Each structure stands twice: as C-alpha cells, then as structure tokens.
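Heads up, the thing below is written out as structure tokens.
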Amino acid sequence: MNGSFFRPKLFDAIRGYNRERFMADLMAGIIVGIVALPLAIAFGIASGVSPETGLVTAIIGGFIVSFLGGSSVQIGGPTGAFIVIVYGIIHKYGIDGLIIATFIAGVLLLVMGLLRLGTLIKFIPYPIVVGFTAGIALTIFSTQMNDLFGLGITDMPGDFISKWWTYFTHFSSVNFWALGMGLLSIGIIIYSPRLTHKIPGSLIAIVLMTVTAYLLRMQGIGAFETIGDRFTISAQLPKPVGVELNLETIRLLFPSAFTIALLGAIESLLSASVADGVISEKHNSNTELIAQGAANIVVPFFGGIPVTGAIARTMTNINNGGRTPIAGIVHAVVLLLILLFLGPLTAYIPMACLAGVLIMVSYNMSGWRSVINIGKGPRSDSLVMLVTFLLTVILDLTIAIEIGLLLAMLLFMKRVTESTRITVSKGKLDLTRAGEIAHHDEVLDIPEGVEVYEIEGPFFFGIANRFEETMATIGDRPRVRIIRMRRVPFMDSTGLHNLGNLIRMSRREGTDIVLSGVREQVREELTQAGIVELLGEKNVCADIQLALQQAHLITKK
C-alpha cells in the first residue's frame, strides 16, 4: 500500500521523539482523559447503554483512532451526535442490532478510506451538516427532561412529539431535589470558566454534585436517582462477544449503519480539519477514515457504541500542548485506569447532574449562530437546512440525511441549470461580447441560412431539455446550426443522447449540425458516444472561424 495513501501520523511522530515532547503529550493526555470521563459516561447513558460502555468505547476506540489515525491530535470516542441514532437502533433492534450496525458502519468507513473517498466527504453541503447537527442537539435536549426534572418516567415514547406530551402530563411529579441538582450543574458549567479554564466545568459539576449527593444520602436527606440506582457498575473491561451476520440482518440494519458511517466520517474529518487550522498541519483524510473504520469494527466486539473524532476533546488536547498521537493514547490509558480503579465511584453521580451536562452539550452542539447565518443566506440553503432539521427531530436521522442530500442535489442542479446560458446569433457574431477576438476580427459574418447557438455551462440533462426548448421556440429551419461548445466542461449521458437525437432529427428536416470549439475531454465523450462518427470529422471544428467556413461550404452545396 502506498505510504501516502495509508500512513498513520504516529509513525512520523516517533521519529525524533524526545522527553520534552513526551511530557507535553503526557500532560495533555491526562487532562483530555479527565475531560472525556464525564462525557463518555453521559453519552453512554443517554444512548441507552451502561456508563462503562461509554468508557469502554472511549478507551478502545480512542486508542485505535490515535494509533492508526491520519491526524496528529485527533481524539476519538463516543460523541453527542450518535446519541439519537444509537438510542433509536437499540429501541428497534436491541443491543445486538447496535453491535451489528456499528460493525457494518466500521466496514463502510474502512471501504471509504480504501477507495480514497476522504476528500469527497468534505463536499457534503454545509446546510445539511448544520441542519442535522441542530436537530440532534434539540433531540438530545428533549431526552434529558425526564432526568432533569426527576419525573421518573420508565416507559418513554421514542418520537419527539409524544415524548414532550408525556413530559407535560407528568410535570406534576417534579422532583425538586433532582431539578435543583440539574440546574446547579448547568450553572457551574456556565460560570466555572470565569474561575479556571484548565478544569472543564462538566467535571467540576460532576465532582461537586457527586460529593453533595453522597453526603445527603449519608444523612438520609433527599430522594434523587443516581447512576448506581439504575446501573450496576463493572470495574473491568468486558470480554469480547461475537458478531453474527447474515444477509437479512445486513439488509435490515444497513440504512442505520450507513448513517453511522456517514455521520462518523463527516464529524471526524470536520474535527481533523478544524485541528489542522490550529496546529498548521494537514491530516490524511483517507488514513483517518481507515482508522475510524478499524475502531468501529473492533469496538462492537466489546459491546461499545460508535466512535468518531470529537471536536471538543481534540481542541482540549491542542490547547493543553498535545501535538502527537501519543497524547490520544495516554488519554485512553487514563480512562482505562479510571475504569479499573475508580469505576465504582461513578455509581454516586446524580442522574440530574448528567442531564445538566448533556443539556450544555446540546446547547454547544446546536450551532445556533450558524443556523442564523444560513437563514440570512440564499433561500435554497435555508430550505435544505430547515427540512434536514425538521426530519431529524420529527422522523429519523437516516431519513433526514437522505432527503437532505437529495434536496441539496436537486437545488444544486437547478442552480446550475439557471446559471447555464444558451444564446442564439444570426447575421453577425460579435466576438467582443463573448470576450474573445480571433484573427483580429471583432465581428464575424454569419452566412445566410446559418444560426449559431452557444452553450455556456455543463451540457447535462436539465440543459439538454432547455436547449431543445430554445430551438422549438425559435421555430425556423436553418440550413446549418452551429453549436459552440467552448464553454461546455462536460456532458452527461442524457446530453449525449439528446444531441444524437437532435442530429438525426435535424437531418430529416434538412438541417446540418456543426460543433465548434469542443474541448478535448468533451470530444472524447462525443467520440465514445458515436456522435463524432455520426456528424463526420469535418463537422467537429476547433474554433468558430472553421465552423463558419464549414457552414458556408454546406450552404453552397
């Protein structure tokens, strides 16, 4: 395999690695590990799995992403973006379904990297990314009301509207101890940066609320739920489990797996790109996709949830001096040590505190400023963002991405069609208007019985139909039609098919077609489609002067 195609950054980092660099990576890794602790637990519980599952995902997935990844500073693990889809898969297909879907997603990511699709992922329209990210943020927010208010609802509906209706019918049973802890946690996260930027507010909130909850329970005060009330904490790595695949399960879970893979690719490459701008380095997108794929293939065997690059933890790594993948590996080791030796202590963390952490995650994830900026832009972008957002919230993230991509492509083709011009000239052809002067002639004479059509833009199916409509509107039957194609960058199969039909139909009506200024790539497409053979070499001219000369010869026959 070519080194430039798959070359983990770790291999380059260990060259000339010294003690000074190791100490910087060590400190950054320790801090990132501490930062990742509450998030991994919160994301695991919010996704419908146990807190240690979130930690295991961060440990194993984070290690593989750093060991094999194409970014020097990327930190991998569970993220808020996956909460909605993971919860939905578990709700429909159970934990086994999630394991299979994550494994298939890992294979898809691996294939994306091997096919060198890393650069193509970056072309996902920005309004779609903003739309589904904001939709996920609102959905995460809505899932935390039960724990924030301590409502104690055990049978929670899956869809957004039913969920909020259930909340409103249960607000009479608010637990004010839970609500107080949740609101206090949110306040700590918001205002703690005024005191320190080194320790994340989420960690401060969890430590303070856990100590408070422990002391209150020792005194027999307060009725509030903790992690230990809902989960049994196991302070060890789980044993590997098998993944049973067959065609039926693949068919059933492939749409969800594809969404996980696409979302993971977008988020990880976006995180790596943001990091590039800060450390003045360029990541290898295909290597990064292969690493993400490997992580998502391995993690399911340990019961983990999907892995991707985490922007917030990656930036924490950079801001604390991490510059090589060693920092990410240290972060995974720190989380492993916490799981093994401090895991039982997580049982005392109040659920309302975790709800407060996730509410702040959803706020930071919402990107409301980007939503406002897109809303001020073109209506088509606003429409794509709004549709993706609503579908994510009301229906399903998989449907939202599919419909959003389809709508974005349709609107893009509409824009291209509208921006492509078709002009018609008779009698005189003014070259100065077209920004060209050939043979020192500013105006060329067009022989009688000859019309010159110029297409400026790609000749694809939308333009092919417009071209036919333009000729039908003019309605006459000239002896020769010259089609100038110097500004046609490519043709699709519909354009080639319609052009072939136009040539045959015109001949039956006594009109010859002459092509002018055909680019080399377009000429190859015309040759392969048999258009050049159909027209004859003489009727495919290098420039407009030769095309007019050929037209003159045809009219004199």
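Side-chain atoms are counted along with the backbone in the values below, which use heavy atoms only and exclude waters and symmetry mates. Keep in mind that what you see is a predicted model, and the values were worked out from it rather than measured. Numbers for residues simply follow the sequence, beginning at 1.
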* Student check: side-chain heavy atoms of Thr226 and Ile349 closer than 4.5 Å -> no
* Residue pairs fulfilling side chain to side chain donor-acceptor pair (under 3.5 Å) with at least one residue in residues 56-73, sequence neighbours excluded -> Ser72-Glu281
* Asked: Residues two or more places apart in sequence or in another chain: which of them pass side chain to side chain contact (heavy atoms under 4.5 Å, CB included) with Leu208?
  -> Ile188, Ile204
* Within a strict 4.5 Å, meaning less than it, do heavy atoms of the Met145 and Leu148 side chains meet? -> yes
* Structure fact -> So the side chain to side chain donor-acceptor pair (under 3.5 Å) pairs with at least one residue in residues 323-340 (sequence neighbours excluded) are Asp25-Thr324
* To do: Answer yes or no: is there a side-chain heavy-atom contact under 4.5 Å between Phe389 and Leu138?
  => yes
* Asked: Do the side chains of Leu262 and Leu108 get nearer than 4.5 Å, heavy atoms only?
  -> no
* To do: Report yes if the side chains of Phe22 and Ile326 come closer than 4.5 Å at any heavy-atom pair, otherwise no.
  => yes
* To do: Quick one: closest heavy-atom pair of Ala101 and Leu253, and the distance?
  => N-CD1, 4.3 Å
* Asked: With no hydrogens and no angle check, is any side-chain donor or acceptor of Thr133 less than 3.5 Å from a backbone partner on Val130?
  -> no
* Asked: side chain to side chain contact (heavy atoms under 4.5 Å, CB included) with Val387: which residues, sequence neighbours excluded?
  -> Leu383, Leu391, Ile403, Leu407
* Asked: Do other residues, nucleotides or ligands put more than 12 heavy atoms under 6.0 Å from the CZ atom of Phe67?
  -> no
* Where does the angle between the aromatic ring planes of Tyr167 and Trp164 fall among parallel (under 30°), tilted (30 to 60°) and perpendicular (over 60°)? -> perpendicular
* To do: State, to 0.1 Å, how close Arg21 and Gly321 come at their nearest heavy-atom pair, and which atoms those are.
  => NH1-O, 3.3 Å
* Report the residues that fulfil side-chain hydrogen bond (donor to acceptor under 3.5 Å, both in side chains) with Glu288, sequence neighbours left out, ordered by chain and then residue number. => Gln74, Gln292
* Pairs flagged by side chain to side chain donor-acceptor pair (under 3.5 Å) wherever residues 347-366 is involved - sequence neighbours left out -> Tyr363-Trp368
Taking only distance into account, with no hydrogens and no angle test, what donor-acceptor pairs under 3.5 Å do side-chain atoms of residues 29-51 form with protein atoms, sequence neighbours excluded?
{"from": "Ser47", "atom 1": "OG", "to": "Phe43", "atom 2": "O", "distance (Å)": "2.7"}
{"from": "Ser50", "atom 1": "OG", "to": "Thr53", "atom 2": "N", "distance (Å)": "3.4"}
{"from": "Ser50", "atom 1": "OG", "to": "Thr53", "atom 2": "OG1", "distance (Å)": "2.7"}

* Asked: Under the side chain to side chain contact (heavy atoms under 4.5 Å, CB included) test, which residues partner Asn373, sequence neighbours left out?
  -> none
* To do: Keeping the roles fixed (side chain from Asn286, backbone from Gly118), state whether a donor-acceptor pair exists under 3.5 Å.
  => yes
* Rounded distance (nearest 0.5 Å) linking atom CD1 of Ile260 with atom CG of Leu109 -> 9.5 Å
* Asked: Any luck finding a side-chain donor-acceptor pair between Asp276 and Ser273 under 3.5 Å?
  -> no
* With sequence neighbours left out, write down each residue that passes salt bridge (charged side-chain N to carboxylate O under 4.0 Å, His left out) with Arg251, or none if nothing qualifies. => Glu248
* When you check the side-chain N and O atoms of Tyr126 and Ser370, is any donor under 3.5 Å from an acceptor? -> yes
* May I ask you to check whether over 12 heavy atoms, not counting those of Ile161, lie within 6.0 Å of atom CD1? => no
* Do Asn320 and Met27 have side-chain heavy atoms sitting under 4.5 Å apart? -> no
* Can you tell if the side chain of Leu289 reaches within under 4.5 Å of the side chain of Leu269, non-hydrogen atoms only? -> yes
Under 3.5 Å, which donor-acceptor pairs do the side chains of residues 83-100 form with other protein atoms, sequence neighbours left out?
none

* Could you check if a side-chain atom of Thr346 sits within less than 4.5 angstrom of a side-chain atom of Phe231, using non-hydrogen atoms only? => no
* Asked: By side-chain hydrogen bond (donor to acceptor under 3.5 Å, both in side chains), which residues pair with Asn319, not counting sequence neighbours?
  -> none
* Pick from Thr314, Ile318, Val73: which one makes a side-chain contact (heavy atoms from CB on, under 4.5 Å) with Val278? -> Ile318
* **Backbone of Gly264 reached by a side-chain donor or acceptor of Thr308 within 3.5 Å** => yes
* To do: Return the set of residues passing salt bridge (charged side-chain N to carboxylate O under 4.0 Å, His left out) with Asp147 (not counting sequence neighbours), or none when no residue passes.
  => Arg230
* Asked: Distance from Ser380 atom OG to Leu410 atom CG, nearest 0.5 Å?
  -> 12.0 Å
* Could you state the interatomic distance from CG (Leu336) to CD (Gln236), rounded to the nearest 0.5 Å? -> 11.5 Å
